[in-house]
Structures are given as structure tokens and as C-alpha cells.
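Right, one structure below, let's go through it.
Side chains are part of it too, since the values below use all heavy atoms of this structure and drop only hydrogens, waters and symmetry mates. In this text, all values refer to a predicted model and were calculated from it rather than measured experimentally.
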2 protein chains.
Amino acid sequence: MVQPELCPRFEQAVGMLSRRWNALIIFSLLGESQRFCTMTESIGISNRLLSERLKELEKDGIVTRNVYPETPVRIEYSLTEKGRALAPVMLEIQKWSEEWLPVQDTAAEDEQESPVR
Amino acid sequence: MVQPELCPRFEQAVGMLSRRWNALIIFSLLGESQRFCTMTESIGISNRLLSERLKELEKDGIVTRNVYPETPVRIEYSLTEKGRALAPVMLEIQKWSEEWLPVQDTAAEDEQESPVR
DNA sequence: CCCTCTCAGTTACGAATTGTAACCATCATA
DNA sequence: TATGATGGTTACAATTCGTAACTGAGAGGG
């Protein structure tokens with residue numbers, strides 16, 4: 001709540017991107033538009049938060065909600081131009097992660113060559 | 001929590017960068033090493049959280065804690081090579097924010113026109 | 001010896017955010 | 001009328017955050 005000394009717009013951007021799940025939501029929409037239930041599965045976010053985040057991101061002009069009145073109703077979320085403009089940010093995060101983070105698997109799946117038991 | 005299908009390393013990177021304050025902490029260390037009290041002031045973070053975050057970031061190999069036993073003791077935090085490698089990410093966030101976020105002052109004006117279209 | 005000052009944190013605790021699971025509304029078909 | 005799919009809401013417990021007060025080490029003053 002204190003006055004920020006850094007660039008206010010940078011802080012605003014970071015505030016949005018740092019909101020939990022937002023970066024993953026945006027990343028998953030970079031490829032193609034997605035439906036609600038697809039996103040909850042691929043991202044691993046709950047309905048409640050996905051709904052909340054999408055509303056916020058729509059309000060921020062980053063995602064668009066497209067309703068197709070088929071049956072059952074199909075609703076697809078996609079990025080606006082402002083949202084797609086975040087692609088370079090995501091790309092740099094990806095590059096960094098590939099260069100600096102270990103491949104580490106989350107265990108419990110293949111523990112073949114590990115002598116530890 | 002379900003394990004998502006996106007790239008695990010990307011998700012790990014995003015998890016770290018999305019932790020509240022982390023991006024601002026890293027950004028503020030990109031210039032030069034900083035002392036604890038300087039950071040709380042420039043970032044606007046509380047002692048408690050700064051302390052917590054710096055410990056986590058140190059553990060992640062992103063920041064280093066340097067103790068100078070002067071009087072009173074001086075402790076400076078700086079980025080490791082892994083931490084400095086995040087500079088391009090920060091730069092892209094900054095570029096995006098400058099292109100897409102209004103110059104906003106305290107929440108009064110909402111109806112700015114988009115800069116580039 | 002006791003008090004005070006600075007820096008660098010810790011601790012305590014109420015407030016806000018998140019995760020989990022159950023529930024709701026609409027449309028369509030059986 | 002019942003059931004199933006989609007796209008959410010609601011309720012509530014668990015986690016995290018923000019605020020403010022406190023601790024500890026070392027130097028110096030009285």
C-alpha cells in the first residue's frame with residue numbers, strides 16, 4: 001500500500017501477471033481459444049478461480065468471451081490483441097525455464113533407476 | 001491439486017515468478033545489489049514478506065545474501081547468474097506495460113484510448 | 001552497568017485469498 | 001420425469017498476506 005518508486009506501469013503489469021494462475025491462463029490461450037472445461041483440466045485450476053480470473057482478465061481487456069449458442073452451449077475464451085502481445089513475455093519465461101530449471105519429474109511415476117527405495 | 005499437462009518447467013518458472021512480490025524483488029535487484037531496508041522502501045513490501053521471499057529465492061538459487069560485518073551490520077542481496085538471466089523476462093514485461101497500459105494516475109481515469117492499434 | 005541507536009529480521013494475529021466440494025441453471029434428449 | 005453435458009456459483013475450511021509490535025547483535029554514551 002506504500003507508494004511505489006518503480007515504474008507504475010511495470011508494477012501494474014506485474015500485479016496482473018503475478019495474480020495466481022493468470023500467466024498459465026494466458027499461456028494456454030496463446031495457441032488457440034479454449035473452452036472453460038478444457039482449461040480447468042489442462043491448467044489444473046478449480047472452476048471457482050478460473051471463473052474469477054477470466055472475468056478479471058476480460059475486464060482488463062486481455063481475454064474475450066465468445067458464446068456459441070449450440071447445444072450444449074459452447075463458450076470459448078480467447079486472447080485480445082493486448083493479450084496476445086504478452087507472447088514475448090511467455091516466450092522469455094519459457095526460454096529461461098528451459099535453460100535454468102532441471103527436468104525433474106515429480107516422482108511417483110517412474111522410479112526405475114533410482115537405487116533409493 | 002491435479003498435475004497440469006503444460007510444460008512442467010514453464011509451470012515451475014511461472015510458479016516462482018507469480019509468487020507475490022517476487023518479480024518486483026528480482027526487478028529491483030537487476031540494477032545493483034540492495035540492502036534489506038532499501039528494498040522494503042522501494043518495493044513497498046513488509047519486512048515479514050521480504051524476509052520470507054528472499055529466503056525462498058536464495059534457496060532457488062536466484063539471489064545471494066552477502067554479509068558485511070561492519071557496524072551496524074550491512075547485508076546486501078544480489079542476483080545470481082540464474083537470477084540475472086531473468087532480465088529478458090522483465091524487459092518484455094516492461095515493454096508490454098509501456099505499450100499497453102495507460103499512464104494511469106490513481107484510479108480516476110479509465111477511458112484512455114489504447115496506444116497502438 | 002544500563003540505556004539507546006541502527007540494521008536486519010521475527011512473531012502474533014486479524015484480514016484477505018485460495019482450494020475443495022457440493023450445488024445450480026439451461027438446454028436437449030430418452 | 002429423469003438424465004447428462006456445459007458453465008458456472010456458493011459455502012466453508014485452509015493457506016497466505018498485511019500490519020504492527022517485538023527481538024537480537026553490536027556500538028556508543030552516561
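For the pair B:E41 CD and C:dA8 P, the interatomic distance rounds to 11 Å; values are reported in whole Å. Summarising the geometry, the separation between CG on B:L50 and P on C:dG9 is reported as 8 Å, rounded to the nearest angstrom. Per the geometry, CD belonging to B:E58 stands 14 Å off C1' belonging to C:dA8, to the nearest Å. Remark: C1' of C:dA8 and CE of B:M39 are 13 Å apart, rounded to the nearest angstrom. A:F36 places its CZ atom 16 Å from the C1' atom of C:dT26, with the value rounded to the nearest Å. When rounded to the nearest whole Å, the span between CD of A:E76 and P of D:dT6 equals 13 Å. When the C1' atom of C:dC7 is taken as reference, atom CG of B:N66 falls 16 Å away, rounded to whole Å. Straight-line distance from the CD1 atom of B:I45 to the P atom of D:dT19: 11 Å, rounded to whole Å.
Applying the 4.0 Å criterion to OP1 and OP2 of D:dG8, one finds that A:R65 has a side-chain N or O inside that range. Between A:S51 and D:dT9 there is a side-chain N or O to OP1 or OP2 distance below 4.0 Å.
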>> The test is salt bridge (Lys or Arg N to Asp or Glu O under 4.0 Å); show your working for A:E98 and A:K95 and say whether it passes.
In response: CA-CA 5 Å; A:E98 278 162 17; A:K95 278 162 64 179; over 6 Å; no
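Comparing D:dG8, C:dG9, C:dC27 by their closest approach to the side chain of A:N47 singles out D:dG8.
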Restricting both atoms to N or O, compile the protein contacts to nucleotides 14-17 of chain D shorter than 3.5 Å, with distance only.
residue: D:dC17; atom: OP1; partner: B:R53; partner atom: NH2; Å: 2.6
residue: D:dC17; atom: OP2; partner: B:R53; partner atom: NH2; Å: 2.8

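Residue A:Y77 is classed as a sugar-phosphate contact, given heavy-atom separations below 4.0 Å to backbone atoms only. Residue B:S46 is in base contact, counting any heavy-atom pair closer than 4.0 Å across all strands shown.
Between the side chain of A:N22 and the backbone N or O of A:L17, no donor-acceptor pair lies under 3.5 Å.
A salt bridge links B:E52 to B:R48: one of the charged nitrogens lies within less than 4.0 Å of a carboxylate oxygen. The existence of a salt bridge linking B:R74 and B:E76 is confirmed by a sub-4.0 Å separation between a basic side-chain nitrogen and an acidic carboxylate oxygen. Classification of B:E56 and B:R53 as a salt-bridged pair holds, one side-chain N sitting under 4.0 Å from a carboxylate O.
To the nearest 0.5 angstrom, A:R19 atom CZ is 11.5 Å from B:S18 atom OG.
Sequence order on DNA chain D of the closest nucleotides to A:P72 and A:K55 puts A:P72 first from the 5' end.
Residues A:M39 and A:L29 are in side-chain contact: their nearest non-hydrogen atoms beyond the backbone lie under 4.5 Å apart.
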